[in-house]
Number of protein chains: 2
Amino acid sequence: MSEIQRPGALYQQVAAAIREAILSGEFAPDSLLPSEAQLMARYEVSRPTVRNAIAALRAEGLIDVRHGKGSFVRSSGQPVLTLERRISRTTEGKFVMPNGDIWQEAEAPAAYRARTTKDTGHLLQLDTDEALFGCDRLLIDPSTGTRAMHRTLIPFEVAEIVPLLAEEPCKRPAAFYRLLTEDGHKLSWSETVRARMPLPDERATMKLPDATPILHLARVTHDTDNRPLILEELRVGADRAEVSYRITADKQPARRARA
Amino acid sequence: MSEIQRPGALYQQVAAAIREAILSGEFAPDSLLPSEAQLMARYEVSRPTVRNAIAALRAEGLIDVRHGKGSFVRSSGQPVLTLERRISRTTEGKFVMPNGDIWQEAEAPAAYRARTTKDTGHLLQLDTDEALFGCDRLLIDPSTGTRAMHRTLIPFEVAEIVPLLAEEPCKRPAAFYRLLTEDGHKLSWSETVRARMPLPDERATMKLPDATPILHLARVTHDTDNRPLILEELRVGADRAEVSYRITADKQPARRARA
DNA sequence: TGACGTCACTTGTCCTTACGAGTTACGACT
DNA sequence: AGTCGTAACTCGTAAGGACAAGTGACGTCA
């Protein structure tokens, strides 16, 4: 290390030095970092040490490395896609829960039968290993290229009681809402937001960069008597998307606050 | 590799084999994986290759490695802490926006002056580099040990117009809501949820495990005329916390649906 | 009995060497 | 001029060796 002694292992010192250089602006976003060979010379360390330092910065999401080209400072752009949930009461006293019509289906939806896990069972107020109708979709927002994975789950017993849902398990959820509302049901929603690292197949399907978590949304639609009817899951890369809940006050119609 | 040939590099084959063994249940959650030496023998590869495979699984959040002890399958437990936003109208026609009173302050709040970034400026409908009052807190939920970082930001010009906010910039946000409501303001909220990898200081402050993203919540409180008054940011490890929005229908009081 | 030191195990760090593979530019050949 | 091959760069993979550092069990000593 040609620079000041820092705490920790050598590769951490190197990583810290590069990190500071990035955050201080010495290396601008999207610019090319020195090559491994140059970093070896600059800090007087071996190649594994340099690569270890670079691996740490990749895990932090600070840089992107492209085979044969070099390491680039990741432009810490904000999400380009806002999933807006506008929660308000119109003058007619209805809640609004838009379904995000921006999405297009990249493939034909895949219908199947499944069973509740501990997780989905809890959300649907069912035990584990209960039978479900399922439907998976791969969605794309054409304006930003953002990909997302969508899943609809409907319990067997709900499909019996509310035949609307059993007819076409791969119908778009927005159609379910419309049909149920026309049928006299008063719906309420519960939406849970989690974040986690993607599984390898999720990384591949959504073409996620390194060190990119995914937002995992689970929306449960409840019937009048608070019985869970439908569980929808949406998974999307957190580098592209954010979720926004806008709660407007009494009788004031929802207004766009965007610049 | 003593097993079937797979696509990709050697270390990826090893990683895939271990991953499958974990997901299939051969290695139970919280159980000890074979040591590096055992894995070297089992797959007939060198130690760097084994370590590379293990590094991949760490980045996926599948395993935890403890120096001197070994590698453990991470128990994929669900979040232990649900930040509930119950959005409903009471019979008096008021919206409810609880502030999460579970949190306790781990240290004295730190007040300071700051300037808007591109990000915070956008949320507060201000240009970049406008003056702000700021206050940072380190919060702890004593029942789960979950740590979170909280930040309050109030524009100078808002503090002039609404003197309540300037008096005590480190007052608890819930107190702001109460004071403003008593003063006749009709508040509305906009809450944005993002996820990203933590910076090193965030990892240290919140004691986050490897490969753990954070949830980043930004809540803007709007005044009657839709002017942004307060920006609150909450950062919390996504391994511990989730956010839940419950939107209940007309006049039906919010009910707990938890088991 | 209790405290402590040692040893055998674990992962962490760091080095050297070698070759494979993607990218780009330059130059020679057609 | 256009095409294509090669050379020189980049990062990716893999092996080997050596020592440091954390952990826990066991045995010795006071």
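The sequence lines fix the lettering, A, B, ..., with proteins before strands; numbering per chain opens at 1.
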Where the side chain of [X] is defined as all heavy atoms beyond and including C-beta, which of [options] is the nearest nucleotide?
X: A:P48; options: D:dG12, C:dT16, C:dT11; answer: C:dT16
X: A:H67; options: C:dC15, C:dG22, D:dA15; answer: C:dG22
X: A:L10; options: D:dC11, C:dG12, C:dC14; answer: C:dC14

Can you tell me if the side-chain N/O atoms of [X] get under 4.0 Å from OP1 or OP2 in [N]?
X: A:R47; N: C:dT16; value: no
X: A:S35; N: D:dT10; value: yes
X: B:T49; N: D:dA15; value: yes
X: A:R51; N: D:dT10; value: no
X: B:K69; N: D:dG22; value: no

Round to a whole Å and report the spacing from [atom1] of [X] to [atom2] of [N].
X: B:M40; N: D:dG16; atom1: CE; atom2: P; result: 8 Å
X: A:D64; N: D:dC11; atom1: CG; atom2: P; result: 14 Å
X: B:N52; N: C:dT11; atom1: CG; atom2: C1'; result: 15 Å
X: A:E36; N: C:dG22; atom1: CD; atom2: P; result: 16 Å
X: A:Y11; N: D:dA20; atom1: OH; atom2: P; result: 18 Å

Give the intermediate values and the outcome of side-chain contact (heavy atoms from CB on, under 4.5 Å) for residues A:Y245 and A:L83.
CA-CA 9 Å; A:Y245 296 85; A:L83 306 175; over 6 Å; no
To the nearest 0.5 Å, how far apart are CG in B:L123 and OG1 in B:T116?
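If we round to the nearest 0.5 Å, B:L123:CG and B:T116:OG1 are 11.0 Å apart.
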When rounded to the nearest 0.5 angstrom, what distance separates CZ in A:R240 from CD in A:E242?
13.5 Å
Kindly indicate whether a cation-pi arrangement holds for B:R66 with B:F72, taking the cut-offs as under 6.0 Å to the six-membered ring centre and within 45° of the axis.
yes
